[in-house]
> 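Here you go, one structure.
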Amino acid sequence: QVQVEDAGGGLVQAGDSLRLSCAVSGRTSNYAVGWFRQAPGQEREFVAAIRWNGGRTSYADFVKGRFTVSKDNAKNTVNLQMNSLKPADTAVYSCALGFRGDTFSYPSSPASYDYWGQGTQVTVSS
């Protein structure tokens, strides 16, 4: 049974860094993990994604240069390193896993993923 569990959120100040993790179980290859976020009253938006095989990454424009998504093969975990955080980054961040054709073709679409973590709150104060 495939499961993903996200963790690592917290309260930080503007300019600080935070690293989120997404632990994957039940699947060891040929999948992609995406990170999404949702702020109160707003729609869920794509942050970043990575293919487990090959490590190809994609990012939303608003996080390029600040966030880095990576994978830890030994731990079967995907990490999201977030630097230079801004108050606008405040949201619930969730990781998601998929291995359908759509997952690899449209990694920025929430509909491309079938397994979701419970979400972790990131709050950035000014």
Side-chain angles (χ1 to χ4, degrees):
Q1 182 179 1
V2 177
Q3 290 183 319
V4 292
E5 183 174 354
D6 41 42
L11 171 62
V12 297
Q13 293 186 332
D16 284 351
S17 298
L18 206 57
R19 190 176 77 166
L20 306 183
S21 64
C22 179
V24 177
S25 59
R27 187 91 181 174
T28 57
S29 66
N30 198 30
Y31 62 86
V33 170
W35 283 98
F36 295 83
R37 69 185 189 184
Q38 188 168 21
Q42 297 187 22
E43 297 206 353
R44 178 178 287 167
E45 63 180 351
F46 170 73
V47 176
I50 186 168
R51 292 188 183 187
W52 190 260
N53 292 40
R56 180 178 179 178
T57 59
S58 57
Y59 295 93
D61 287 342
F62 58 80
V63 301
K64 285 182 179 178
R66 298 192 298 129
F67 293 9
T68 302
V69 63
S70 63
K71 61 188 181 77
D72 185 329
N73 292 337
K75 297 181 179 179
N76 213 30
T77 298
V78 170
N79 298 312
L80 181 67
Q81 178 67 41
M82 305 186 295
N83 298 329
S84 302
L85 284 163
K86 307 174 182 178
D89 294 318
T90 295
V92 175
Y93 286 70
S94 301
C95 67
L97 182 149
F99 45 85
R100 294 182 276 118
D102 284 353
T103 309
F104 302 106
S105 298
Y106 308 105
S108 63
S109 171
S112 296
Y113 299 87
D114 295 307
Y115 303 91
W116 289 81
Q118 76 283 359
T120 184
Q121 176 70 46
V122 172
T123 303
V124 185
S125 64
S126 58

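Here the structure is a predicted model, which is why all the values come from computation and not from measurement.
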> Consider only side-chain heavy atoms of I, L, V, M, F, W and Y, link residues closer than 4.5 Å, and tell whether F36 and L85 are in one cluster.
no

> Looking at every non-hydrogen atom in both residues, tell me the closest pair between N53 and N30 and how far apart they are.
OD1-N, 2.6 Å

> Roughly how far apart are R27 CZ and N76 CG, rounded to 0.5 Å?
11.0 Å

> Could you walk me through whether V4 and V33 satisfy the side-chain contact (heavy atoms from CB on, under 4.5 Å) test, starting with their C-alpha distance in whole Å, then the side-chain angles of each, then the deciding distance to 0.1 Å, before giving a yes or no?
CA-CA 9 Å; V4 292; V33 170; 5.5 Å; no

> Where is the tightest heavy-atom contact between T120 and G9, given as atom of each residue plus distance?
OG1-N, 2.9 Å

> Atom CZ of residue position F104 - does it have more than 12 heavy atoms of other residues, nucleotides or ligands inside 6.0 Å?
yes

> Assess, by modelled atom type and distance only, whether the side chains of N83 and Q81 contain a donor and an acceptor separated by less than 3.5 Å.
yes

> Measure the OG1-CZ distance between T57 and F67 for me, rounded to the nearest 0.5 Å.
14.5 Å

> Do you know which two heavy atoms are closest between S94 and G119, and how far apart they sit?
OG-CA, 3.4 Å

> Rounded to the nearest 0.5 Å, how far does NZ of K71 lie from SG of C22?
14.0 Å

> For a quick test of reading the model, state the closest non-hydrogen atom pair linking A48 to L80 and the distance between them.
CB-CD1, 4.2 Å

> Evaluate the criterion side-chain contact (heavy atoms from CB on, under 4.5 Å) for residue pair F46 and V63; output intermediate values, then yes/no.
CA-CA 10 Å; F46 170 73; V63 301; over 6 Å; no

> Determine, step by step, whether E45 and R37 satisfy the side-chain contact (heavy atoms from CB on, under 4.5 Å) criterion, reporting the C-alpha distance in whole Å, the side-chain angles of both residues, the deciding distance to 0.1 Å, and the verdict.
CA-CA 5 Å; E45 63 180 351; R37 69 185 189 184; 2.7 Å; yes

> State yes or no: are the ring centers of W52 and F99 separated by less than 6.0 Å?
no

> Please tell me whether Y59 and V78 are part of a single hydrophobic cluster in this structure, the criterion being side-chain heavy atoms less than 4.5 Å apart.
yes

> Do V24 and Y115 come within less than 4.5 Å of each other through their side chains, counting heavy atoms only?
no

> Does a side-chain N-to-carboxylate-O contact under 4.0 Å join K86 and D89?
no

> Under a 4.5 Å side-chain heavy-atom rule over Ile, Leu, Val, Met, Phe, Trp and Tyr, are V92 and F62 clustered together?
no

> V69 and A49: which non-hydrogen atoms are nearest, and at how many Å?
CG1-O, 3.6 Å

> Please answer whether the main-chain N or O of C95 pairs with a side-chain N or O of D6 as donor and acceptor at a distance below 3.5 Å.
yes

> Any idea which heavy atoms bring W116 and R44 closest together, and the distance?
CH2-NH1, 3.3 Å

> Are Y31 and Y113 co-members of a hydrophobic cluster defined by side-chain heavy atoms under 4.5 Å apart?
no

> Is the count of non-hydrogen atoms from other residues, nucleotides or ligands lying under 6.0 Å from R56 atom CZ greater than 12?
no

> Can you measure from CZ (R66) to OG (S17) and round to the nearest 0.5 angstrom?
10.5 Å

> Applying side-chain contact (heavy atoms from CB on, under 4.5 Å), run through V2 and D114 and close with a yes or a no.
CA-CA 10 Å; V2 177; D114 295 307; over 6 Å; no

> Would you confirm whether T123, through its side chain, and T90, through its main-chain N or O, come within 3.5 Å as a donor-acceptor pair?
no

